[in-house]
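Below is one structure, written out as structure tokens, with a few remarks after it.
All of these numbers come straight from a predicted model, not from anything done at the bench. Residue numbering restarts at 1 for every chain, and letters A, B, ... go by the order of the sequence lines.
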There are 2 protein chains.
Amino acid sequence: MKKTRISTTALDFDRPLVTVDVVIFSVLDDTLKVLMSRRPARVDERAEPFPGRWALPGGFVDVAQDCTLLDCAMRKLQAKTGVTAPYLEQLGSWGSADRDPRGWSTTHVYFALVHLPPAAWASDTTGLNESRWTAVDEALREPLAFDHNGLLAAAIARLRNKVEYTSLPAFFLPEPFTLPQLQYTYEVVLGRPVDKSAFRKRMLDAGFLEEAGMQGGATGRSAVAYRVKDRAQAVAFPRTFKVSE
Amino acid sequence: MKKTRISTTALDFDRPLVTVDVVIFSVLDDTLKVLMSRRPARVDERAEPFPGRWALPGGFVDVAQDCTLLDCAMRKLQAKTGVTAPYLEQLGSWGSADRDPRGWSTTHVYFALVHLPPAAWASDTTGLNESRWTAVDEALREPLAFDHNGLLAAAIARLRNKVEYTSLPAFFLPEPFTLPQLQYTYEVVLGRPVDKSAFRKRMLDAGFLEEAGMQGGATGRSAVAYRVKDRAQAVAFPRTFKVSE
DNA sequence: ATAATAGTGTCTCTCAGACACTATTAA
DNA sequence: TTAATAGTGTCTGAGAGACACTATTAT
């Protein structure tokens, strides 16, 4: 028996599931870390996929609540970390028939760079929303839910690549920050030391910083503090670090 | 009245529409062109959105036919152009409540670089699948269907940006091609002349080309012909063109 | 004064751009 | 031989890396 349809298009075909996942990076303890979320355990007869596995924070788009995909990503980031205005960039989208056992599904992956007050670093290991900050290499070593190993690897690759020629690491620091602090952050993410003189020339010549007073450490000379002029976007340098060899 | 559900997750919420759009670029007549497709005219009482407007080629993901989003994009590209193995890269995804009058919708945008035999350049201005190659600036000037002005602008920006530091324009040429031909293609896309000596050094040093005999023009000296070693991906140069100024 | 950290100066090497030069082909 | 195009050589300047130097602060 066929339904009769008048004045509408044929939209009654199967629609894929639509989700958003957020890769939330931060730097702590000399390490690049990512926020992972544990899939709920099997609580009753309902078939939640990958029970107990670690996964990227994310979930279904709520068409009643989210006006855009970016809204949805910000909502999930806010819910997990309380951060409201971080660096947030779309990484890409993945979709296939078999990435989710519940059916043909798509995910829109965003990646965020945040800095958190130390208090927020406490792992939440209780209840249904268990989450944890994990060193990126460690997170990749174990099998994650869905295709999240692939998504996370892509996010790490994109971040490491962009750090070579952009001001992205500035978003890992609370403002104002000093150039030595910024250099340290670059070195953590790149995993190698960077020459101080070349680094400072590059940052100051790029012109994305503005002075914001002085900042003294526990010991040694005080440093000039800086703020980024335009918090909304990163700056690209004309060359990558370490061109030769 | 509530349905009783056993042994299944709650997936009976509203799902967004899921589409794929493809921005297909090519170079002809000294111009960067894009393939545009006309939305069907209003044929009966069914409400096809944006009747008669120009749009990027695309459409709904067919969960029965497409295994992945990339499959879907390749299927649409193949259907429009007959091209099977071009350069195809994901640009990003857009999704919001109001970009499609039929409801909350998402689109996954891919961009393709193709070279076509001159015969395929004929515009198909008949029937329901009218399509046309249009200069990119011209295509952007008129109001397109949906948010396609924005999608196209993003694709053009990404292409122009990547051409500054990658071997992408090689995909606009049928193999084998000569360095003067490749340089000409760069100049068309960049919209400015490029120094011959610097260009040749850059291309040959990048090491993505392999020789493939000689190729003579109608007049003048013959040129060495080249093929790209790895047709699957573009090469990134360590610097952009024209750093200074 | 010393330790510790912030910041600068100088040298060199690489490489892109500019541009003039040589090489090869057809008529 | 000339026109047209392909390809090379040489100079210069910008800028990154290396690394030694100076500057400022607390003890």
Length of the line joining Q215(B):CD and dT24(C):P, which is rounded to integer Å: 19 Å
Side-chain (Q90(B)) to main-chain (H108(B)) donor-acceptor, under 3.5 angstrom: no
Sugar-phosphate only, base, or nothing, as touched by A223(A) at under 4.0 Å among non-hydrogen atoms: sugar-phosphate
Ion pair E89(A)/K162(A), N-O distance below 4.0 Å: yes
Euclidean distance, atom CZ of residue R202(A) to atom C1' of dT8(C) [Å, nearest integer]: 19 Å
Any R200(A) side-chain N or O less than 4.0 Å from OP1/OP2 of dG7(C): yes
Separation of dT10(C) P from K201(A) NZ (nearest whole Å): 12 Å
Separation of dA16(D) P from Y165(A) OH (nearest whole Å): 16 Å
Nearest-angstrom distance from the residue atom CG of D195(A) to P of dG15(D): 17 Å
Nearest-angstrom distance from the residue atom CD of Q181(A) to P of dG7(C): 10 Å
First encountered from the 5' end of DNA chain D, between A198(A) and G220(A): A198(A)
Base dG7(D) paired with S197(B) side chain (donor-acceptor, <3.5 Å): no
L190(A) CG to dG17(D) P, straight-line distance once rounded to whole Å: 11 Å
Touch class at under 4.0 angstrom, heavy-atom based, for T178(A) against every strand present: nothing
Nearest-Å distance for atom pair CZ/P, residues F177(B) and dA6(D): 14 Å
Residue whose nearest DNA chain C nucleotide is more 5′ - F199(B) or M214(B): F199(B)
Side chain to side chain donor-acceptor pair (under 3.5 Å) partners of residues 165-181 of chain A, not counting sequence neighbours, each pair once: E175(A)-R231(A)
Of S222(A) and K196(A), the one whose closest DNA chain D nucleotide lies more 5': K196(A)
Options dT5(C), dA4(D), dA23(C), nucleotide nearest the side-chain atoms of T219(B): dA4(D)
NZ/NE/NH1/NH2 to OD/OE distance under 4.0 Å, E187(A) and K196(A): no
Ring geometry between Y186(A) and F199(A) (parallel below 30°, tilted from 30 to 60°, perpendicular above 60°): perpendicular
